Amino acid sequence: MTTSDSDLQSTPPPGLGFWNGARFPDLVLPGVHTGEESRLFELGGDQVLVHLFASW
Amino acid sequence: MPVWHDATSELRSTGALSTVGVVIEQHPDRARLFMQWKRFDWPLLWDPFNLLELPAVPITMFLDGQRVIRMLQPKLDRASEITSRLSRLLSVGDAETTGHEEIPSPVPGPTHMSPPSTSTPLDWSDHAVALALWGGTERLDEAVTASERAVGPDAAGRLWFRHGVIARMRHDSPARRLDDFNVAVESWSRALDVDPNNYIWRRRLQQYGPTLTKPYAFFDWVPVARSDIEERGETPESLVVEPGGAEFADPARSETPSAQGPPPPDPRIALDEVPFVDVRGAVVPAAVRPGGLARIHLDMEPSPGKTAHWNNEAGPLHAWIDPPQGWKTDGAHVALDAPDSAVSGERRHVEFEIRSPDDAEPGTHEVEVVMLYAVCEDDTGVCLVRRREVRVHVEVDLGAVALADG
């Protein structure tokens with residue numbers, strides 16, 4: 001990643017177990033809309049924008 | 001998220017990019033309503049246990065086709081620039097497809113549905129989480145029992161947090177026990193005591209805690225969302241558990257004057273000595289410092305073994321709060337309106353806040369609550385008004401973790 005690319009990112013919170021270059025875990029969790037077992041990367045396509053969030 | 005949703009709409013429409021979400025909160029139906037409101041149509045997974053061990057949210061990241069994180073926490077104010085360069089930012093060269101450290105999935109899978117062959121606290125906690133995630137309501141009792149084996153005086157904070165989540169899940173289910181919410185609050189308090197820097201754990205407690213400890217309004221968006229959705233001619237997604245008073249509270253920045261109400265009931269009205277109604281209190285947070293705020297929750301429901309119901313024709317349930325000398329409360333009196341039906345058996349809930357004086361002595365303090373309610377006995381058809389005196393214990397601890405962010 002170039003320096004200019006780094007400028008496009010904010011500092012992640014300390015203790016976050018993710019970093020650029022790590023392979024994101026292939027999560028299997030209940031789907032919010034289906035209630036069924038769902039695999040994250042079967043839901044997404046080749047390139048994925050991931051949001052980890054809460055509605056509060 | 002709305003910024004990214006808008007900025008990436010064209011990429012999504014052409015199939016160049018997908019969006020997925022993982023929601024880190026107790027009630028997934030609230031996230032469903034939020035998604036409907038914002039017209040976010042991408043898939044969402046539910047991680048109430050914070051198995052990803054996030055210290056805070058929101059976290060946003062772009063992944064390439066190999067699941068490799070290429071951009072963590074992209075700057076919102078550069079969204080347009082980032083999306084215009086995204087194909088280059090996420091492109092994978094031949095030499096880049098290997099050598100990336102795999103972050104293992106933290107989610108206990110189907111193998112954890114059976115009791116663990118080893119007996120470490122984490123094994124039992126993973127088993128409990130698997131039962132809670134994949135076993136449905138009918139296995140929540142097993143989940144609680146398994147999780148109880150995972151927590152002890154030296155348990156890791158995340159195991160206490162998980163234990164609280166499971167207890168609250170059962171509290172919100174038909175399998176609920178009257179003590180479940182209290183267990184949840186105490187467990188989350190212990191988690192935060194172990195690590196006060198985890199803002200997922202802190203928010204779960206703040207969700208039910210005093211107004212002044214909240215950094216912002218948590219669920220005030222719910223009525224706005226419903227109104228907007230109905231204006232669009234749609235039916236809002238229903239919520240399994242309506243947000244309670246603490247969750248709706250806008251963060252006030254000053255003390256609320258004590259509410260005035262009718263005088264407490266005549267002490268000659270007979271006490272419910274049977275009792276026909278089970279009452280359980282929970283204090284959020286579990287302990288406060290001198291001068292600290294706490295929110296008290298009282299859950300009441302007709303005792304399962306006593307075959308009684310609420311008599312709704314006799315008017316509301318009343319509660320009068322009598323804090324210890326020198327303590328303040330925001331609600332000296334609370335009246336709960338009854339449902340329209342003549343009788344009912346639902347759980348009822350009262351919340352109020354108290355503040356300890358700056359010179360409060362460490363130790364256990366009692367808040368007295370007097371209630372007045374009407375019940376009908378199923379066996380005899382006799383309907384009575386009964387008085388109930390409840391003492392809620394509030395711990396003052398000089399080392400209690402402050403619930404507010406600051």
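The figures here come from the full heavy-atom set of this structure, side chains too, leaving out hydrogens, waters and symmetry mates. Worth saying up front: this structure is predicted, and the values here are computed from it rather than measured.
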Engineer: Does any non-hydrogen side-chain atom of Leu52(A) lie less than 4.5 Å from one of Pro58(B)?
Structural biologist: no
Engineer: Can you say whether the rings of Trp56(A) and Phe218(B) are parallel (under 30°), tilted (30 to 60°) or perpendicular (over 60°)?
Structural biologist: parallel
Engineer: First locate atom CZ of Phe40(B), then atom NE2 of His51(A), and finally report the distance between them rounded to the nearest 0.5 Å.
Structural biologist: 7.0 Å
Engineer: Checking His100(B) side chain against Ala22(A) main chain: does a donor-acceptor pair fall under 3.5 Å?
Structural biologist: no
Engineer: Among Gly15(A), Ala54(A), Gly21(A), which residue forms the greatest number of heavy-atom pairs with chain B at distances under 4.5 Å?
Structural biologist: Gly21(A)
Engineer: Give the C-alpha distance, both sets of side-chain angles, the deciding distance and a yes or no for side-chain contact (heavy atoms from CB on, under 4.5 Å) between Trp46(B) and Val32(A).
Structural biologist: CA-CA 6 Å; Trp46(B) 181 45; Val32(A) 165; 3.8 Å; yes
Engineer: Go through His27(B), Glu53(B), Arg203(B) and name the one with the most non-hydrogen pairs under 4.5 angstrom from chain A.
Structural biologist: Arg203(B)
Engineer: Measure the shortest side-chain to side-chain distance between Gln47(A) and Arg70(B) over non-hydrogen atoms and say whether it is less than 4.5 angstrom.
Structural biologist: no
Engineer: When you look at Trp19(A) and Ile103(B), which way does the side-chain contact (heavy atoms from CB on, under 4.5 Å) test go after all the steps?
Structural biologist: CA-CA 10 Å; Trp19(A) 60 95; Ile103(B) 299 170; 4.2 Å; yes
Engineer: Count the heavy-atom pairs under 4.5 Å between each of Pro30(A), Gly35(A), Pro14(A) and chain B, then report the option with the highest count.
Structural biologist: Pro30(A)
Engineer: Determine, step by step, whether Ile59(B) and Phe53(A) satisfy the side-chain contact (heavy atoms from CB on, under 4.5 Å) criterion, reporting the C-alpha distance in whole Å, the side-chain angles of both residues, the deciding distance to 0.1 Å, and the verdict.
Structural biologist: CA-CA 7 Å; Ile59(B) 306 290; Phe53(A) 72 103; over 6 Å; no
Engineer: Using a 4.5 angstrom heavy-atom cutoff, name the option from Arg32(B), Arg12(B), Gln207(B) with the most pairs to chain A.
Structural biologist: Arg32(B)
Engineer: Counting only heavy atoms closer than 4.5 Å, note whether Ala16(B) contacts chain A via side chain, backbone, both or neither.
Structural biologist: backbone
Engineer: Side chain, backbone, both or neither: which part of Pro104(B) has an atom under 4.5 Å from a heavy atom of chain A?
Structural biologist: backbone
Engineer: Got Glu81(B) and Leu8(A) here, is their nearest side-chain heavy-atom distance under 4.5 Å?
Structural biologist: yes
Engineer: Working note: Phe24(A) + Val68(B), criterion side-chain contact (heavy atoms from CB on, under 4.5 Å); need CA distance, chi angles, decisive distance, verdict.
Structural biologist: CA-CA 6 Å; Phe24(A) 195 80; Val68(B) 174; over 6 Å; no
Engineer: Can you confirm whether Leu52(B) sits close enough to Pro25(A) that some side-chain heavy atom of one is under 4.5 Å from a side-chain heavy atom of the other?
Structural biologist: yes
Engineer: To the nearest 0.5 Å, what is the distance between CD on Gln9(A) and OG1 on Thr60(B)?
Structural biologist: 11.5 Å
Engineer: About how many Å separate CG of Leu16(A) and CD of Gln73(B), when rounded to the nearest 0.5 Å?
Structural biologist: 7.0 Å
Engineer: When you measure from the side chain of Arg23(A) to the backbone of Ile69(B), do you find a donor-acceptor pair of N or O atoms at a distance under 3.5 Å?
Structural biologist: no
Engineer: Is the shortest heavy-atom distance from the side chain of Val48(A) to the side chain of Leu17(B) under 4.5 Å?
Structural biologist: no
Engineer: Looking at Pro48(B), Gly21(B), Gly15(B), which has the largest count of heavy-atom pairs under 4.5 Å with chain A?
Structural biologist: Gly21(B)
Engineer: Can you tell which of Leu29(A), Thr34(A), Leu27(A) has the highest number of heavy-atom pairs within less than 4.5 Å of chain B?
Structural biologist: Leu29(A)
Engineer: Identify the two heavy atoms, one from Asp7(A) and one from Lys75(B), that lie closest to each other, and give their separation to 0.1 Å.
Structural biologist: O-NZ, 3.2 Å
Engineer: Are more than 12 heavy atoms, taken from residues, nucleotides or ligands other than Glu10(B), located less than 6.0 Å from that residue's CD atom?
Structural biologist: no
Engineer: Do Leu72(B) and Pro12(A) come close enough that some side-chain heavy atom pair is under 4.5 Å?
Structural biologist: yes
Engineer: Kindly indicate whether the side chain of Val28(A), heavy atoms from C-beta on, has any atom under 4.5 Å from the side chain of Val107(B).
Structural biologist: no
Engineer: Restricting to pairs with a member in residues 68-87 of chain B, which pass ring pair (Phe, Tyr, Trp, His ring centres under 6.0 Å), not counting sequence neighbours?
Structural biologist: none
Engineer: Chain A heavy atoms under 4.5 Å from Phe34(B): which part of the residue, side chain, backbone, both or neither?
Structural biologist: side chain
Engineer: For a 4.5 angstrom cut-off between non-hydrogen side-chain atoms, does Asp26(A) reach Ser105(B)?
Structural biologist: no
Engineer: Is it true that the side chains of Ser55(A) and Glu25(B) contain a donor and an acceptor less than 3.5 Å apart?
Structural biologist: yes
Engineer: Identify, with sequence neighbours excluded, every residue that meets side chain to side chain contact (heavy atoms under 4.5 Å, CB included) alongside Pro243(B).
Structural biologist: Arg30(B), Phe219(B), Val222(B), Leu239(B), Glu247(B), Phe248(B)
